Trainee: 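Please see the structure below; I have some questions.
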Amino acid sequence: MGHLVLIDGNSIANRAFYALPPLSTSSGLHTNAVLGFTTMLLKVLEEMKPTHLLVAFDAGKVVFRHSEFTEYKAGRAKTPPELSEQFPVLRELLDAFSIHWTELTGYEADDIIGTLTRQADASGLATTVITGDKDMLQLVSQHISVALTRKGVSELEMYDVAAIQEKYGLAPLQIIDLKGLMGDTSDNIPGVPGVGEKTAMKLLHEYGSVESVLENIDAVSGKKLQENLRNNVEQAKMSKTLATIFREAPIEIETEKTTYAGYNGKVLVDFFKKLEFKSLIPKVKVSAEDEAAEEISGEQAPSFTHEVVTLENRDQFAHLLGSPMSFTVELDGENYHRAPVLGFGLASAEKALFVPVDVATGWEAFSAWLGDASMEKIVFDGKKDTVALAWHGLELRGVTLDVYLASYLLNAAESNPTLSDVSALYSELRVASDEEIYGKGAKRALPSAEKLGEHVARKAAALWQSIPAVKREIEAHQLEELLFTLEGPLSLVLAQMEHTGVKVDGSRLEAMGVELDKHLEQLTTQIHEQAGGSFNINSPKQLGEVLFDKLGLPVWKKTKTGPSTSADVLEKLAPYHPIIEMILHFRQLGKLRSTYIEGLLKEIHPRTGKVHTLFNQASTATGRLSSTEPNLQNIPIRLEEGRKIREAFVPSESGWYMLAADYSQIELRVLAHISQDANLIDAFQKGMDIHTRTAMDVFGVAENEVTSLMRRQAKAVNFGIVYGISDYGLSQNLNITRKEAADFIERYFAVFAGVRKYMDDIVKQAKQDGYVTTLLHRRRYLPDITSSNFNLRSFAERTAMNTPIQGTAADIIKLAMIRMQERLQAEGLHSRMLLQVHDELVFEVPENELETMRKIVPEVMAAAIKLDVPLQADVNDGRTWYEAK
DNA sequence: TAACTCACG
DNA sequence: ACGTACGTGAGTTAT
């Protein structure tokens, strides 16, 4: 005997849409409803193993019930565009699953399903209806059960006759009577006023049906209820009719036409790739027949075999080390400065190899191949490979394509792509995630030698296979230049910087730590005294209780979990109580101790006495770098006490100096260039202080009349402009009213009209294209720019304004870094580039190169690109990073 | 693991 | 009317 599963397509799609967070592909197509539908389908196929399967959809807008009651479903909100655009995709999805689907003009999915269950009931075929609509429970019978979605879409709750009896104390058909009495606001079925679920159930338990209730109104207890029933006899009858699922639709679907024979795994995987459902791909079962079916249809099936190189046979493999090949380094751990090397993967069209690390050690043919620039290598995160090898004294040369960087450029929203992710998109070969192979957290362990070898070789093979598609995509998006002349070369510069590291004076940090400890202890005592008791100052919860309950200070702002105790709030509370200043100071020093003293000390390499950060080149949405383990891009500078931390950053060679150079106002200069605002360009060409100039223009005063308050406010406006300004944001920042902030903005735009035009145009363009770009064509997709959700849309609009500015500035300093490294090489200088902090470069410099570096660093930075305004960089040096100010 | 807070550009 | 400034990473507490 078979099993027929009928799915209420619209109901499930709606459920999925509202249950899942917004989600979209890199090209901006919303997919959350499709994703939810898909997980539900995979689960149903797995657990119910249907022999027959059909999905029913509502067709068109005219539903025959309208002719009976014009207000039917009038209360329902219009389907948002983010959902309606997913219905065609849903139909494609079902086709990819080889699942039959149907729609019938003038009928709703319920009616189609109702009719089919009637037919199925007659034939005695076991049937399950899947829906989110409780009304459907009326269809339950001996052979038919209904599965209701619960919490999202993939958890189902099964109802048969007994389950309905247990939950409602009613027979399935009485569900209709229940609706007739209580109504349904979501379908705009009126029911009887004053009758809710409780009353309706009570009436039905007593009388059995709407008709019977109406016949016995006089016997019903409750005067008000009697009156309501008497006044609404017709409405109750009509409500029952509306709630009744129509089971006589003029459709002929023979059971055989719904037969389900399963899907072709390859077809489904291809479809998932298109929708970027990467996490679902591993759940698809691809059978040998699927592969075969593909082959017959002409496509090449992915085949994978690999060989493991051993100490005994490695000489026979030497001649296979050719060009071009894909190459991967497998590490035991995330941090490639300290993770041991496990082995290497190599692949080309003919073969895939795994070279365990002990086999590679001392294998001259291999190290020669690695260092041979004429041997072309395709890598996945070549910076990682380069640094990992450098720690073992090996050099990697001849990298011609880095698929990791390519993937980041193709979609910066997908930060830190893994080889498993990327191969799912661009190659036929599946690669397990490292987590699947190694496990995670405490369960992490090395796999068996066989498993490891297969995994690594598979990575190399998938990397090889991804090359044509990746190259094609890069060309199609005009990203060749960005990849091959910017990010690729930059990764080598960064590799050198990371491997070189920055010397940190640990004993200096420790001494500062001792002072901080003393100070913090005093503050703790004072704060507890003021609070009248001991508590954990670091706990926002406990602190909140002390401040707002015990001391009765006013609540200024709330977070999700309680009153906010953030610094900007505390500053406003300072006048009320002396404890506030102490808390602010405690927070400031506590941060220094935990993050910058203890945190940094933990990261000092025991052998080199240096910190070796990881510059993440593929993690930000705008094209900036980020820095981790430790983060060297957020070392304190704004407050003097914190700035002292920089005294611990010193040159690694005695007698050398630290030298730092930073761009002056690079983002506003970029804005001047891309907006072509005449006034802003003029200000920079005249070499003026931009905030003073803005104050002059906005307040209409002469240069010598600009007060420090005016300059401070103008500066905040300039920041706001770069961030995609809003009056609210500016008012928060300047502690002024929204009205005053709006006034500032208006005056700013009156003078800098070109900037206003840029802001308007870039948002329009983003809406039209779905993405924005930087000067060097770096692209960021903004799927939310057309959202009907005000918040999401506004956020995307501000992002559209900010990203070209922040991203172009990032492009420029990256260019400067490459030029700078070339220049050091060309001039035979020994100075070393150590850090990049978004608009600043830090070097260590031998004394005899100081003069040269003071000259060429700002020169190279300023000349990195030619804009319609001059670029300017300022340079400073000293014995420590602190002194280079 | 999420939420909060805070360091930087 | 809606509720926020843009981009990051790390430490601590509470769940």
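Computed from a predicted structure; not experimentally measured. Protein chains get the first letters and strands the later ones, always in sequence-line order, with residue 1 at the start of each.
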Trainee: Looking only at the side chain of A:T622 (C-beta and beyond, no hydrogens), which of the listed nucleotides C:dG7, C:dG11, B:dC8 gets closest?
Mentor: C:dG7
Trainee: Taking C-beta and beyond as the side chain, do A:Q836 and A:L841 meet within less than 4.5 Å on heavy atoms?
Mentor: yes
Trainee: For the side chain of A:I725, starting at C-beta, report the closest nucleotide among C:dG9, C:dA5, C:dG3.
Mentor: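 It is C:dA5.
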Trainee: With heavy atoms under 4.0 Å as the rule, sort A:L730 into base, sugar-phosphate or nothing.
Mentor: base
Trainee: Please determine, by modelled atom types, if A:H585 and A:E641 share a side-chain donor-acceptor pair under 3.5 angstrom.
Mentor: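 Present: a donor and an acceptor within the cut-off.
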Trainee: Between C:dC6 atom P and A:N718 atom CG, what is the distance in whole Å?
Mentor: 17 Å
Trainee: Can you tell which of C:dG3, B:dG9, C:dA14 lies closest to the side chain of A:S539?
Mentor: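 Nearest nucleotide to the side chain: C:dA14.
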Trainee: Would you mind classifying the nucleic acid contact of A:G720 as base, sugar-phosphate or nothing, using non-hydrogen atoms under 4.0 angstrom?
Mentor: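 Base contact - A:G720 has a heavy atom under 4.0 Å of at least one base atom.
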Trainee: Heavy atoms only, 4.0 Å cut-off, all strands: where does A:D662 land among base, sugar-phosphate and nothing?
Mentor: nothing
Trainee: So, the side chain of A:Y408 versus the backbone of A:T620: is there a donor-acceptor pair under 3.5 Å, distance only?
Mentor: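 Yes; judged by distance alone, with no hydrogens or angles, the pair exists.
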Trainee: Counting the atoms with a prime plus P, OP1 and OP2 as sugar-phosphate, which does A:E629 contact under 4.0 Å by heavy atoms, base, sugar-phosphate, or nothing?
Mentor: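 Sugar-phosphate: the residue A:E629, judged by heavy atoms under 4.0 Å, touches backbone atoms but no base.
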Trainee: Output the rounded distance in Å from CZ (A:F615) to P (B:dC8).
Mentor: 17 Å
Trainee: Between A:K572 and A:D568, does any NZ, NE, NH1 or NH2 come within less than 4.0 Å of an OD or OE carboxylate oxygen?
Mentor: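 No salt bridge links A:D568 with A:K572.
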Trainee: Report the nucleotide, chosen from C:dA5, C:dG9, B:dA3, that has the shortest atom-to-atom distance to any side-chain atom of A:N733.
Mentor: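 Ranking C:dA5, C:dG9, B:dA3 by closest atom to the A:N733 side chain puts C:dA5 first.
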Trainee: Kindly say if A:N538 contacts the phosphate of B:dT5, meaning a side-chain N or O under 4.0 Å from OP1 or OP2.
Mentor: no
Trainee: Quick one: on DNA chain C, does A:D727 or A:Q806 contact a more 5' nucleotide (nearest heavy atom)?
Mentor: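 Whichever sits nearer the 5' end wins; that is A:D727.
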Trainee: If I take atom CG in residue A:N616 and atom P in nucleotide C:dA10, what distance separates them, rounded to the nearest angstrom?
Mentor: 10 Å
Trainee: At under 4.0 Å between heavy atoms, what does A:V837 touch on the DNA or RNA strands: base, sugar-phosphate, or nothing?
Mentor: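 Since only primed, P, OP1 and OP2 atoms lie under 4.0 Å of A:V837, the category is sugar-phosphate.
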Trainee: Does OP1 or OP2 of C:dA14 have a side-chain N or O of A:Q542 closer than 4.0 Å?
Mentor: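 Checking C:dA14 against A:Q542, a side-chain N or O does come within under 4.0 Å of OP1 or OP2.
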Trainee: Can you measure A:L589 atom CG to C:dG11 atom C1' for me and round it to whole angstrom units?
Mentor: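 It is 16 Å, rounded to the nearest whole Å.
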Trainee: Could you give the CG-to-P distance, from A:L600 to B:dC8, as a whole number of Å?
Mentor: 14 Å
Trainee: By the 4.0 Å heavy-atom rule, please label A:A809 as base, sugar-phosphate, or nothing.
Mentor: nothing
Trainee: Remember a base hit wins even if backbone is also touched, and classify A:I635 as base, sugar-phosphate or nothing at under 4.0 Å, heavy atoms.
Mentor: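 Sugar-phosphate only.
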Trainee: Do A:E603 and A:R338 sit within salt-bridge range, that is, some charged N less than 4.0 Å from a carboxylate O?
Mentor: yes
Trainee: Does A:K383 form a side-chain hydrogen bond (donor to acceptor under 3.5 Å, both in side chains) with A:Y404? I'd like the steps, not just the answer.
Mentor: CA-CA 10 Å; A:K383 172 162 71 69; A:Y404 171 73; over 6 Å; no
Trainee: How many angstroms lie between atom CD of A:Q765 and atom OH of A:Y771, to the nearest 0.5 angstrom?
Mentor: 8.0 Å
Trainee: As a test of reading the structure: which of B:dG9, B:dC4, C:dC2 is closest to the side chain of A:F790, going by heavy atoms?
Mentor: C:dC2
Trainee: Could you tell me how far apart A:L668 (CG) and B:dG9 (C1') are, to the nearest whole angstrom?
Mentor: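 That distance rounds to 13 Å.
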Trainee: What about A:R780, does its side chain sit under 3.5 Å from the base of C:dG7 through a donor-acceptor pair?
Mentor: no
Trainee: Check the distance between C:dT4's P and A:I745's CD1 and give it to me in whole angstrom.
Mentor: 17 Å
Trainee: Using the P atom as the reference point in each nucleotide, state the distance between B:dA7 and C:dG3 in Å, no decimals.
Mentor: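 Nearest-Å result for B:dA7 against C:dG3 at atom P: 29 Å.
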Trainee: Give A:N631 one of three labels, base, sugar-phosphate or nothing, depending on what nucleic acid heavy atoms sit under 4.0 Å from its own.
Mentor: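 Sugar-phosphate contact only.
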Trainee: Hey, does the side chain of A:R587 come within less than 4.0 Å of B:dA7's phosphate (OP1/OP2), counting only N and O?
Mentor: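 The answer is no; no side-chain N or O of A:R587 sits under 4.0 Å from OP1 or OP2.
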Trainee: Hunt down any stem DNA chain C takes part in, defined as 3 or more consecutive Watson-Crick or G-U pairs whose two distances are each under 3.5 Å.
Mentor: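 Stems found: B:1-9 with C:6-14.
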Trainee: Does a side chain donor of either A:E436 or A:S433 reach within less than 3.5 Å of an acceptor in the other side chain?
Mentor: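 Per modelled atom types, A:E436 and A:S433 side chains form a pair under 3.5 Å.
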Trainee: Out of B:dA7, B:dT1, C:dG7, which nucleotide sits closest to the side chain of A:K591?
Mentor: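 It is B:dA7.
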Trainee: As a quick check of understanding, evaluate side-chain hydrogen bond (donor to acceptor under 3.5 Å, both in side chains) for A:S491 and A:Q617, giving each step before the final call.
Mentor: CA-CA 8 Å; A:S491 70; A:Q617 202 180 345; 4.6 Å; no
Trainee: Looking for any heavy atom pair under 4.0 Å, which part of the strands does A:A412 touch: base, sugar-phosphate only, or nothing?
Mentor: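 The residue A:A412 makes no contact with any strand.
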Trainee: Below 4.0 angstrom from OP1 or OP2 of B:dT5, is there any side-chain N or O of A:T565?
Mentor: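 Yes.
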Trainee: Rounded to whole angstroms, how far apart are CZ on A:R793 and P on C:dG3?
Mentor: 13 Å
Trainee: Would one find a side-chain N or O of A:S626 under 4.0 angstrom from OP1 or OP2 of C:dG9?
Mentor: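 For A:S626, the contact criterion (side-chain N or O under 4.0 Å from OP1 or OP2 of C:dG9) is met.
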Trainee: Picking from C:dA14, C:dC6, C:dA10, which would you name as closest to the side chain of A:T799?
Mentor: C:dC6
Trainee: Counting heavy atoms from C-beta on, name the nucleotide in C:dT13, B:dT1, B:dT5 closest to the side chain of A:K440.
Mentor: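 For the A:K440 side chain, the nearest candidate turns out to be B:dT1.
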Trainee: Take atom C1' in C:dC2 and the same atom in B:dC6, then report the distance between them in whole Å.
Mentor: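 Going atom to atom, C1' in each nucleotide, I get 29 Å.
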Trainee: Tell me which one of A:R778, A:R624, A:R779 satisfies salt bridge (charged side-chain N to carboxylate O under 4.0 Å, His left out) with A:D811.
Mentor: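 So, applying the salt bridge (charged side-chain N to carboxylate O under 4.0 Å, His left out) to A:D811 and each of A:R778, A:R624, A:R779, only A:R778 qualifies.
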Trainee: Would you say A:T561 reaches B:dA3's phosphate, i.e. side-chain N/O to OP1/OP2 under 4.0 Å?
Mentor: no
Trainee: Below 4.0 angstrom from OP1 or OP2 of C:dC6, is there any side-chain N or O of A:R798?
Mentor: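 So the side-chain polar atoms of A:R798 do come within 4.0 Å of the phosphate oxygens OP1 or OP2 of C:dC6, strictly under.
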Trainee: Which part of the nucleic acid, if any, lies within reach of A:S726 when heavy atoms closer than 4.0 Å are counted: base, sugar-phosphate only, or nothing?
Mentor: base
Trainee: Spell out yes or no: do the side chain of A:R738 and the base of C:dG3 have one donor N/O and one acceptor N/O closer than 3.5 Å?
Mentor: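 Check passes, donor-acceptor contact within cut-off.
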Trainee: Which is true for A:A810 with a 4.0 Å heavy-atom rule: it touches a base, it touches only sugar-phosphate, or it touches nothing?
Mentor: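 The answer is nothing, as A:A810 stays clear of every strand by at least 4.0 Å.
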Trainee: Look only at the side chain of A:H691 and the backbone of A:R712, and say whether a donor-acceptor pair between them is shorter than 3.5 Å.
Mentor: no
Trainee: Once you apply a heavy-atom cut-off of 4.0 Å, does A:T803 come out as touching a base, just sugar-phosphate, or nothing?
Mentor: nothing
Trainee: Would you say A:S566 places a side-chain N or O within less than 4.0 Å of OP1 or OP2 belonging to B:dC4?
Mentor: no
Trainee: Indicate whether OP1 or OP2 belonging to C:dT12 is found under 4.0 Å from a side-chain N or O atom of A:T595.
Mentor: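 Checking A:T595 against C:dT12: no side-chain N or O falls below 4.0 Å of OP1 or OP2.
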